[in-house]
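Working notes, beginning with the structure itself.
FYI, side chains are in, hydrogens and waters are out, and symmetry mates aren't considered; it's all heavy atoms of this structure. Numbering of residues begins at 1 and proceeds along the displayed sequence. In each ligand, atom 1 is the first atom listed, and ligand 1 is the first ligand listed.
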Amino acid sequence: HAKDAGRGAFRFFEPRMNANARRQLQLVQDLRAALEKGQFVLHYQPRFASVGGALLGAEALIRWRHPERGLLAPAEFIPAAERTGLIVPIGEWVLEEACRQITAWSGAGQEAWVVSVNLSALQFAHARLVETVRGALARHEVPAHRLMLEITETTAMHDIEASCEVLAALTGLGVGISIDDFGTGYSSLLHLKRLPANELKIDRGFVGDLARDSDDAAIVSAIVALGRTLGLRIVAEGVETDAQRSFLTEVGCDSLQGFFLGRPVPAERFAETVATQVPIDG
Ligand code: C2E
Ligand code: MG
Ligand code: MG
Ligand code: MG
């Protein structure tokens, strides 16, 4: 009887496992189709100079206009895309689309905005990356300094030799490099010093609790000082309050991003959103 019970228990879980596997398989098929059907879209979150409040550009953030489930955030599909390698063609689309948008904005008289694009770990490790970036810039006649690439600290530090090589090739093209989610990984200072990068982006985990957590305030100040020493610019993400904005400005962050200053919006709404933005004084 014990054997029967065991077998029964096993069978009990089987349909659930199958359902999960089926869902994953369906997701991957849907992602592939989404790319062909043009269901992905980039939203743009403005970035401002901390002092003076000038609009510097935007971070491009992918969304999936899912025919049944509505607008999906990257957390719902990027992990599966990364696992299956689909992030490579999706990432190529993102670069292409961001470059197309930069040129569209140039045509509308905005010739100084810098657009940041996120790269996943797999994309960063992919041999084709430098060629993909070069090709996208060339096809849309985008001056390289108008594009910034964001890689997370964890990705950058995973294989420091390889990272230095890829980042040197990318900075050689003239694009900017930002180390995203900084403070959540384990950077050796020696490695950080070697990394060809232009900017550290302080993870929003440190920004959210600034008012309540004095450790976070100390960490943020330390990151700014470290970045300064290494000749890097500092951007903070996740600025949700005016108090956070003024603290980050006072400790010396160069630029700021966050819901307090502007949410990610489709490109069509970007210009109007920032036009109605109340100027902030630094
Ligand atoms: P990330 O690069 O760190 O992007 C910042 C995330 O924080 C975005 O979430 C943004 O909407 C959100 N955010 C911005 N300001 C605030 C704020 O004030 N408060 C809070 N709570 N959140 C804020 P999103 O768009 O859901 O993107 C999540 C992550 O997905 C990104 O983190 C990035 O790692 C990844 N991702 C987004 N677009 C792409 C892409 O095109 N390619 C790749 N490979 N990854 C992407
Ligand atoms: Mg980012
Ligand atoms: Mg980030
Ligand atoms: Mg983050």
*asked:* Under 4.0 Å, heavy-atom basis, I'd like to know which part of Q257 is in contact with ligand 1: side chain, backbone, both or neither.
replied: neither
_Would you say that more than 12 heavy atoms from the other residues, nucleotides or ligands in this model lie under 6.0 Å from the CD of E165, or not?_
no
For residues 27-39, tabulate all N or O donor-acceptor pairs below 3.5 Å that involve a side-chain atom, not counting sequence neighbours.
| unit_1 | atom_1 | unit_2 | atom_2 | d |
| --- | --- | --- | --- | --- |
| D30 | OD1 | Q26 | NE2 | 3.0 |
| Q39 | OE1 | W64 | NE1 | 3.0 |

_Name of whichever N/O/S atom of E59 is nearest to the Mg ion (ligand 2)_ = OE2
*Between L119, V94, T152, flag the one that comes closest to atom 41 (O) of ligand 1 by a heavy atom.*
V94
*Should you measure from each heavy atom of S120, which atoms of ligand 1 turn up under 4.0 Å away?*
44 (N)
_Metal site the Mg ion (ligand 3): N/O/S of E150 inside 2.8 Å_ = no
*With E59 as reference, evaluate Q45, H43, Q257 under the side-chain hydrogen bond (donor to acceptor under 3.5 Å, both in side chains) test and give the passing residue.*
Q257
*Side chain, backbone, both or neither: which part of Q45 has a heavy atom under 4.0 Å from ligand 1?*
side chain
*Please determine, by modelled atom types, if E153 and S187 share a side-chain donor-acceptor pair under 3.5 angstrom.*
yes
*asked:* Using heavy-atom distances only, which candidate in G238, G91, P264 approaches atom 11 (O) of ligand 1 most closely?
replied: P264
*Less than 4.0 Å between a side-chain N and a carboxylate O, is that true for R128 and E92?*
yes
_Flag for S120-E82: side-chain donor and acceptor within less than 3.5 Å_ = yes
_D180 and R204 ion-paired at < 4.0 Å_ = no
*Is the shortest distance from a Lys or Arg side-chain nitrogen in R69 or E76 to a carboxylate oxygen in the other one below 4.0 Å?*
yes
*State whether S178 contributes an N/O/S atom found under 2.8 Å from the Mg ion (ligand 2).*
no
*Give a yes-or-no answer on whether the side chains of T152 and T155 include a donor-acceptor pair shorter than 3.5 Å.*
yes
_Restricting to N, O or S atoms, which atom of D180 is closest to the Mg ion (ligand 3)?_
OD1
*D181, N/O/S atom nearest the Mg ion (ligand 3)*: OD1
*asked:* Under 4.0 Å from a heavy atom of E240: which atoms of ligand 1 are those, numbered in the order shown and with their elements?
replied: 17 (C), 18 (O), 19 (N), 20 (C), 21 (N)
*asked:* I need the atoms of ligand 1 closer than 4.0 Å to a non-hydrogen atom of Q123, numbered in the order shown.
replied: 44 (N)
*Measure from the ring center of F77 to the ring center of F40 and say whether it is less than 6.0 Å.*
yes
*Per atom 1 (P) of ligand 1, closest listed option by heavy atom (V239, D180, I62)*: D180
*Side chain, backbone, both or neither: which part of D181 has a heavy atom under 4.0 Å from ligand 1?*
side chain
*Under a 4.0 Å N-O cut-off, is there an ion pair linking R245 with E240?*
no
*Using a strict 4.0 Å cut-off to heavy atoms of G258, name the atoms of ligand 1 that fall inside it.*
15 (N), 18 (O)
_Would I78 count as a polar contact of ligand 1, with the cut-off being nitrogen or oxygen pairs under 3.5 Å?_
no
*Looking only at non-hydrogen atoms, which of K201, E237, R63 approaches atom 25 (O) of ligand 1 most closely?*
R63
